[in-house]
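Remarks on the structure that follows.
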Number of protein chains: 2
Amino acid sequence: MEEYAVIFNQYLNHKGLKLTKPRRCILDTVFSMHTHFNAEELYDKIRGKTSSISLATVYRTIPLLLDAGLVQRALRSEGRERYEHIFGHPKHIHWLCRNCGDLMETDLNTLYPILEKQAQDLKFKPESIELNVKGLCWKCIPIENEKQSDEK
Amino acid sequence: MEEYAVIFNQYLNHKGLKLTKPRRCILDTVFSMHTHFNAEELYDKIRGKTSSISLATVYRTIPLLLDAGLVQRALRSEGRERYEHIFGHPKHIHWLCRNCGDLMETDLNTLYPILEKQAQDLKFKPESIELNVKGLCWKCIPIENEKQSDEK
DNA sequence: TGTAATGTTGTGAATGATTTTCAATACAAA
DNA sequence: TTTGTATTGAAAATCATTCACAACATTACA
Ligand SMILES: [Mn+2]
Ligand SMILES: [Mn+2]
Ligand SMILES: [Zn+2]
Ligand SMILES: [Zn+2]
């Protein structure tokens, strides 16, 4: 069994729940995708497989995956929650271009010491961190500049 | 005219729009509130005043305030977007307790040098930053510990 | 072995925040 | 005044997410 499945199984047992076939299928699909996804995209991906699972079950399973620490919320977009699996992934910063929608990621580790210091001062026990920067990517900066000079 | 109103007015002119009475009222209400708010809370606050404004107009005005740089999205909660005015406010980190819902804020300035370095490397032009930490506040850490020992 | 208890699922309906539609208004320029 | 454009409130529509519920599956245990 894959390590993520072991973790999910342990989590479920701990909660008195079981790693059923639908849950297993959703779990595997989540770890087969290496991009951010929303509930519907996850559902669509599963539909292609032999076993078909209802959208409601997908929605029901996501909170379990979050709670188990295997998945985290990513940048919400177009009115939908987006997620990404995080097992084995280093935490990262999201850089979203407001013009073309491109998403870049960079390391968050360098910020840890400062954040931990602040957490200590607050006596806060962090469990998840979300750092999103919105702006313009290198491709869109010149485009925006043109617009501005047009307006003049 | 208050400085925030000057800024909003300039922004609207730039877009070929006008600072109407409803917009002015919404703007003032936003700057009279010093907590995070959602669309409905803002609407409720306005209802108390002499001039009554429709919820649709509130929803229509919020994106303008965001775009003008006077308001930013804060931590989304309970399925609703939350906002806060930012004119004259230093950017800050949000620390949300997943148990009691308490929200704390700390300074973001100390993280700037590192973020700017990364932005340079990406050739990214940041326009807004959102840093949210979820976990347990000092009041709830002991409560959570009790739960865990109960379970054993 | 049968049966109760409990958790799980798919289906379809409900919920509710946000957006859209549309007819009426405001207001400024011609 | 006439005309054009932006703005508004009210009501309806949208649509992601949750809920209700009946049918199943699996285990506990008499
Ligand atoms: Mn990511
Ligand atoms: Mn804040
Ligand atoms: Zn871009
Ligand atoms: Zn707390």
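No experiment lies behind these values; they were computed from the predicted model shown. Computed over heavy atoms, backbone and side chain alike; hydrogens, waters and symmetry mates excluded. In what follows, every chain begins at residue 1, and chains take the letters A, B, ... in the order their sequences are listed.
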Atom CZ of B/Arg76 and atom P of D/dT17: how far apart are they, to the nearest Å?
-> 8 Å
Considering only nitrogen or oxygen atoms on both sides, find all protein atoms under 3.5 Å from nucleotides 19-30 of chain C and state each distance.
from, atom 1, to, atom 2, distance (Å)
C/dT21, O4, B/Arg60, NH1, 3.4

For B/Ala5, which residues count as a side chain to side chain contact (heavy atoms under 4.5 Å, CB included) partner, sequence neighbours excluded?
-> B/Met1, B/Glu2, B/Arg24, B/Leu27
Nearest-Å distance, OH (B/Tyr43) to P (D/dT8)?
-> 14 Å
Looking at the side chain of A/Thr20, which of C/dT9, C/dT18, D/dG9 is the nearest nucleotide?
-> C/dT9
Out of C/dT9, C/dA17, D/dT8, whichever nucleotide has its closest atom nearest the side chain of A/Thr57 = C/dT9
Is there a donor-acceptor contact under 3.5 Å from the side chain of B/His85 to the main chain of B/Val30?
-> yes
Indicate yes or no: at least one non-hydrogen side-chain atom of A/Ile46 is less than 4.5 angstrom from one of A/Cys25.
-> yes
Quick one: which of D/dA16, D/dT7, C/dG10 gets closest to the side chain of A/Ser54?
-> C/dG10
Thinking salt bridges, do B/Lys134 and A/Glu127 make one under a 4.0 Å N-O criterion?
-> no
Could you list the donor-acceptor pairs under 3.5 angstrom formed between side-chain atoms of residues 109-117 of chain A and any protein atom two or more places apart in sequence or on another chain?
from, atom 1, to, atom 2, distance (Å)
A/Asn109, ND2, A/Asp107, OD1, 3.3
A/Asn109, ND2, A/Asp107, OD2, 3.2
A/Lys117, NZ, A/Asp121, OD2, 3.1

Between A/Glu144 (side chain) and A/Ile141 (backbone), is there a donor-acceptor pair under 3.5 Å?
-> no
To the nearest Å, give me how far apart OH (A/Tyr83) and P (D/dA16) are.
-> 13 Å
Provide, to the nearest angstrom, the distance between the CD atom belonging to B/Glu81 and the P atom belonging to D/dT17.
-> 12 Å
Integer-rounded Å distance: D/dA6 C1' and B/Asn13 CG = 13 Å
Can you name the residues that form a side chain to side chain contact (heavy atoms under 4.5 Å, CB included) with B/Ser32, not counting sequence neighbours?
-> B/Thr29, B/Lys45
Sugar-phosphate only, base, or nothing, as touched by A/Thr61 at under 4.0 Å among non-hydrogen atoms = nothing
In whole angstrom, give the distance that lies between atom CG of B/Leu12 and atom P of D/dA6.
-> 13 Å
From CD1 of B/Ile46 across to C1' of D/dG9 the rounded distance in Å is 14 Å
Take the protein atom CD1 of A/Ile26 and the nucleotide atom P of C/dT9, then report the distance between them rounded to whole Å.
-> 7 Å
Quick check: does any side chain N or O of B/His94 sit under 3.5 Å from a backbone N or O of B/Met104, one acting as donor and the other as acceptor?
-> no
Which residues share a side chain to side chain contact (heavy atoms under 4.5 Å, CB included) with B/Lys123, sequence neighbours left out | A/Trp138
Identify each atom pair where a protein N or O and an N or O of nucleotides 14-16 of chain C are less than 3.5 Å apart, giving names and distance.
none

